[in-house]
Visitor: 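Take this structure first; my questions come after.
Throughout, protein chains are lettered first and strands after them, A, B, ... in sequence-line order, and every chain is numbered starting at 1.
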Protein chains: 2
Amino acid sequence: MPDKKDTHRLHDLFQLPPGRTLDICLKLHTAILEHRLAPGTKLSEDEVGEIYGTSRTVVRAALQALAHSGLVKIAKNRGAFVAKPSIREAHEIFEARALIEPRVARMAAKSISETDLERLRAHIDAEHEALHAGDMGKALSLSGAFHTAIADIADQQVLANMVRSLISRSSLIIAMYWQRPDTACESHSHHALLKAFADHDGDAAEEIQKSHLIDLHSGLNLVEAQQQDKSLKDILRAG
Amino acid sequence: MPDKKDTHRLHDLFQLPPGRTLDICLKLHTAILEHRLAPGTKLSEDEVGEIYGTSRTVVRAALQALAHSGLVKIAKNRGAFVAKPSIREAHEIFEARALIEPRVARMAAKSISETDLERLRAHIDAEHEALHAGDMGKALSLSGAFHTAIADIADQQVLANMVRSLISRSSLIIAMYWQRPDTACESHSHHALLKAFADHDGDAAEEIQKSHLIDLHSGLNLVEAQQQDKSLKDILRAG
DNA sequence: ACAATCTTAATTGTATACAATAATTATACA
DNA sequence: TGTATAATTATTGTATACAATTAAGATTGT
């Protein structure tokens, strides 16, 4: 189960006091992570406010928090939109992950407990389940949660928040650039990691995580094109 | 000169559109970095709003942005305070810097241009000048700006923003825990880095930056105590 | 005198109203 | 018919007013 602890730790990421602002922030956050909100979607203050039954004031605060995390882009006098990471940003984010997460995995391998291992297994199971149920969005969200769980286990809050932020943005990148519709979302690597953790083998954990991330990075189609927005009008006009 | 480019890039960190919110955010940010606002200082919305001649609405947004960057701590129904990083947080932040910045330095060494080198020299000169003028706060702020400048030169925006955030928080940590009142603030390392950059020697740059950060970390007095807040009353009562 | 409780004051949380800006549509002209 | 300009609409930016919560001070009882 993703359970309570996850959202509790997310509070850390946004640094918001408990309250409606945080609630909306988390709801939008999970909606984006589960790919229910596509990159580029406009998030009107009025609209969001009406949906969640609150005023623009609190919606605005939530949107700004998400903007700070890179999940939302605010354009002056134009409003908030779900971010659309550029190809370059995508490269940078996965390079940053490849720098940070292997180190985090090493640290986690040292300090991991039996209950932690149990939780990770539960994560993997839930991921499998969602995948089997055809809920791709949730499966992906859980796959990300697996990575953040490792950072939490390593018990390094500063790095954990960085990882959380990077993974959230990775979700957007995957929504835009993923090119393996087939793939049983890298569950093999997660199992391999689990074994390294069980053995408290820091070297192995670091190495596996590193190649896992390189693998993910290479699974993206990061080559120009894909600017479906502007070209759409042209295409329709041409046809 | 810290110049315009720096504040322009800071916009990236806060992800705020141009406007009064960003202005106040930057003003508070520099005030904290220059140690004119001590850790723990209360930042009342009314007070700050009156100082900058704006309403609470915009001040609130600025404070929340700073909270997200870890420079300000917001307590529910109690208000915003300049953050007071714990000892543990201090360790984590400098360990994160030791992980990220050497890599960034290596990348910068590869791509650095003549004009970039010139700018770095100017940074060092300005730092010396401020130090000579006795403006410790500004000297420290410029010392941090040197590190962020390297990240900008490396041209990795994602990592650069992480570094920026870490350095800002480091400034608070130094305000709380620095134990070398003497020291000509690590300018030697900065010169050594400059040489490595001029030689485009990535290995050297990485190594120098790494030991520089370890050196900074070890210059902190991170041993319990220092909780002057609660004990202050007790001390006065005892006397 | 000390402690506990209640009252009061001050500050933040939220909603709403107004102003400013940008996008869209309509209109006039070439 | 296409383009440029102007009016309109819709949305965000900001300020202010009110509600809720917390902290501090006063009051009462032991």
Side-chain angles (χ1 to χ4, degrees), chain A residues 10-11 14-28 37 40-69 71-84 229-230 232-234 236-238, chain B residues 10-11 14-28 37 40-69 71-84 229-230 232-234 236-238:
Chain A
L10 266 178
H11 154 92
F14 294 118
Q15 290 282 22
L16 290 169
R20 286 197 267 217
T21 300
L22 182 61
D23 287 344
I24 292 179
C25 203
L26 293 176
K27 274 173 182 158
L28 290 174
L37 282 172
T41 305
K42 163 127 207 215
L43 300 171
S44 158
E45 295 178 358
D46 276 323
E47 205 174 339
V48 176
E50 198 171 359
I51 289 169
Y52 293 121
T54 184
S55 83
R56 280 177 53 212
T57 310
V58 59
V59 174
R60 239 178 119 71
L63 290 174
Q64 284 182 357
L66 289 166
H68 198 131
S69 297
L71 292 177
V72 157
K73 180 87 181 174
I74 295 177
K76 184 182 166 100
N77 282 315
R78 297 214 27 242
F81 302 81
V82 178
K84 302 202 303 182
D229 281 6
K230 282 196 177 177
L232 190 62
K233 288 180 183 173
D234 299 339
L236 292 178
R237 181 170 304 201
Chain B
L10 267 178
H11 153 94
F14 295 117
Q15 290 283 22
L16 290 170
R20 286 197 266 218
T21 300
L22 182 61
D23 286 344
I24 292 178
C25 203
L26 294 176
K27 274 172 182 160
L28 289 174
L37 282 173
T41 305
K42 163 130 205 212
L43 299 171
S44 160
E45 295 179 357
D46 276 324
E47 204 174 341
V48 176
E50 198 171 359
I51 289 169
Y52 293 121
T54 185
S55 84
R56 281 177 52 213
T57 309
V58 60
V59 173
R60 240 180 117 72
L63 290 174
Q64 285 183 356
L66 289 166
H68 198 131
S69 297
L71 292 177
V72 157
K73 182 87 182 174
I74 295 177
K76 184 178 165 110
N77 281 316
R78 297 214 28 246
F81 303 81
V82 178
K84 301 202 303 182
D229 281 8
K230 283 194 176 177
L232 190 62
K233 287 180 183 173
D234 299 339
L236 293 177
R237 183 170 304 203

Visitor: Grab the CD-P distance between B/Glu45 and C/dT14 for me, whole Å please.
Guide: 11 Å

Visitor: Identify which nucleotide among C/dA22, C/dA15, C/dG13 has an atom closest to any side-chain atom of A/Arg20, counting heavy atoms from C-beta outward.
Guide: C/dA15

Visitor: What is the separation between atom CD1 on B/Ile24 and atom P on D/dG13, rounded to the nearest whole Å?
Guide: 15 Å

Visitor: Answer yes or no: does a side-chain N or O of A/Arg78 lie under 4.0 Å from OP1 or OP2 of C/dT21?
Guide: no

Visitor: Between C1' on D/dA23 and CG on B/Asn77, what's the gap in Å once rounded to a whole number?
Guide: 11 Å

Visitor: Where the side chain of A/His11 meets the backbone of A/Pro17, is there a donor-acceptor pair that is under 3.5 Å apart?
Guide: no

Visitor: Could you state the CG-P distance from A/Leu63 to D/dT11, rounded to the nearest angstrom?
Guide: 15 Å

Visitor: To the nearest Å, give me how far apart CD (A/Glu47) and P (D/dT12) are.
Guide: 9 Å

Visitor: Once rounded to the nearest 0.5 Å, what's the spacing between atom CG of B/Leu26 and atom CZ of B/Phe14?
Guide: 6.0 Å

Visitor: In this structure, how many angstroms lie between the C1' atom of D/dA17 and the CG atom of B/Asp46, rounded?
Guide: 13 Å

Visitor: Round to a whole Å and report the spacing from NZ of A/Lys42 to P of D/dT12.
Guide: 4 Å

Visitor: I need the CG-C1' distance between B/Asp23 and D/dT14, as an integer number of Å.
Guide: 14 Å

Visitor: Given the rule in the side chain to side chain contact (heavy atoms under 4.5 Å, CB included) test, do A/Leu43 and A/Leu37 qualify, once you have shown the distances and angles that lead to the verdict?
Guide: CA-CA 10 Å; A/Leu43 300 171; A/Leu37 282 172; 4.2 Å; yes

Visitor: Taking A/Ser55 for the side chain and A/Thr57 for the main chain, is one N or O donor matched with an acceptor at less than 3.5 Å?
Guide: yes

Visitor: Taking the inter-plane angle between the rings of B/His68 and A/His68 on a 0 to 90° scale, is it parallel (under 30°), tilted (30 to 60°) or perpendicular (over 60°)?
Guide: parallel

Visitor: List the steps, then state whether side chain to side chain contact (heavy atoms under 4.5 Å, CB included) holds for B/Gln64 with A/Leu16.
Guide: CA-CA 8 Å; B/Gln64 285 183 356; A/Leu16 290 169; 4.3 Å; yes

Visitor: Counting only heavy atoms and a strict 4.0 angstrom limit, can you tell me which residues of residues 48-61 of chain B come near DNA chain D?
Guide: B/Thr54, B/Ser55, B/Arg56, B/Thr57, B/Val58

